[in-house]
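The chain is numbered in sequence order, starting from 1. For ligands, and for the atoms within them, numbers begin at 1 and follow the listed sequence. Fair warning: this is a prediction, and the values are worked out from it, not measured in the lab.
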Amino acid sequence: MGKQQEVMLYDDGHHRCISFTGLVQGEGIQSNQFLILHGAHAAVIDPGGELTYVPLTMALSRYVKPEELDLILASHQDPDIISALGHWVKRTPARVAISRLWSRFIPHLASAFAQSRSGGNIFDRILPIDDQGGRIPLGDSYIQAVPAHFLHSVGNFQFYDPVSRILFSGDMGASVVEDVSGPVEDFTRHVPHMEGFHQRYMAGNRACKLWADMVRELDVDKLVPQHGPCFVGEQVGRFLDWVSQLQCGLDLMSEADYRPSERRLG
Ligand code: FE
């Protein structure tokens with residue numbers, strides 16, 4: 001796994017977006033965590049689970065105190081996204097924004113908090129996002145939760161920051177590569193690093209195309225996935241074109257994929 005790195009994705013003095021990479025040591029999949037600072041307000045995107053909790057809190061502490069964290073934005077419900085929820089709700093006052101489809105499931109990740117007398121009601125800390133998404137206030141700005149359902153989770157959101165014009169795209173655009181420090185430069189050579197993942201994890205071309213058409217209408221300077229390098233400028237358009245025509249998920253499934261196999265496991 002790569003070494004720990006911080007990348008300043010945007011900085012105008014008042015508003016900053018920072019990517020933390022290489023926090024996962026060992027066998028877990030490489031992932032990027034994100035901090036948005038807007039004046040005295042702060043939001044973390046997809047903070048992850050046990051593998052990233054301690055290194056991420058140490059990295060964040062250079063920018064924001066735990067008690068100053070306003071928001072945790074979760075694209076979906078997976079282990080690499082939000083499984084350290086219990087720690088976050090105990091150590092910070094942040095509200096947790098997640099699809100309404102998952103908002104009644106994720107308290108399972110925070111049982112100690114849910115059961116503690118001092119902890120209060122976990123549901124008071126969760127901001128359920130309806131399917132159409134919307135604008136989540138952050139100081140005098142906001143973060144737009146944009147629908148990305150079935151890409152890959154059934155209730156899936158991405159987070160667009162109108163100040164930096166960054167779309168934090170979750171698993172869309174994700175890849176597994178050694179060096180995640182710079183943006184994608186050679187799109188054609190990058191495709192093999194993301195093709196298999198998108199073919200199996202994304203639910204189908206219809207969702208990909210609807211999503212890409214929506215993103216073209218947003219003013220996106222950087223498309224920043226949770227795994228692997230980001231796409232900047234014209235590479236954003238190249239990714240949208242590529243994924244618009246991608247056959248994936250149910251498009252590729254046939255009878256052959258739904259048969260009881262006699263293969264011995266383990
Ligand atoms: Fe996931």
Colleague: Do the ring planes of Phe187 and Phe231 sit parallel (below 30°), tilted (30 to 60°) or perpendicular (above 60°)?
Modeller: tilted
Colleague: Of Gln158, His152, His198, which is the lone residue that meets side-chain contact (heavy atoms from CB on, under 4.5 Å) with Asp171?
Modeller: His152
Colleague: Examine Arg104 relative to Phe123 and say whether NZ or CZ is less than 6.0 Å from the centre of the six-membered ring and inside a 45° cone about the ring axis.
Modeller: yes
Colleague: Hey, is the main chain of Gly155 close enough, under 3.5 Å, to the side chain of Trp102 for a donor-acceptor pair?
Modeller: yes
Colleague: Within less than 2.8 Å of the Fe ion (ligand 1), any N, O or S from Asp80?
Modeller: no
Colleague: Starting from the Fe ion (ligand 1), look over the N/O/S atoms of Asp78 and name the nearest one.
Modeller: OD2
Colleague: Tell me which N, O or S atom of His76 sits nearest to the Fe ion (ligand 1).
Modeller: NE2
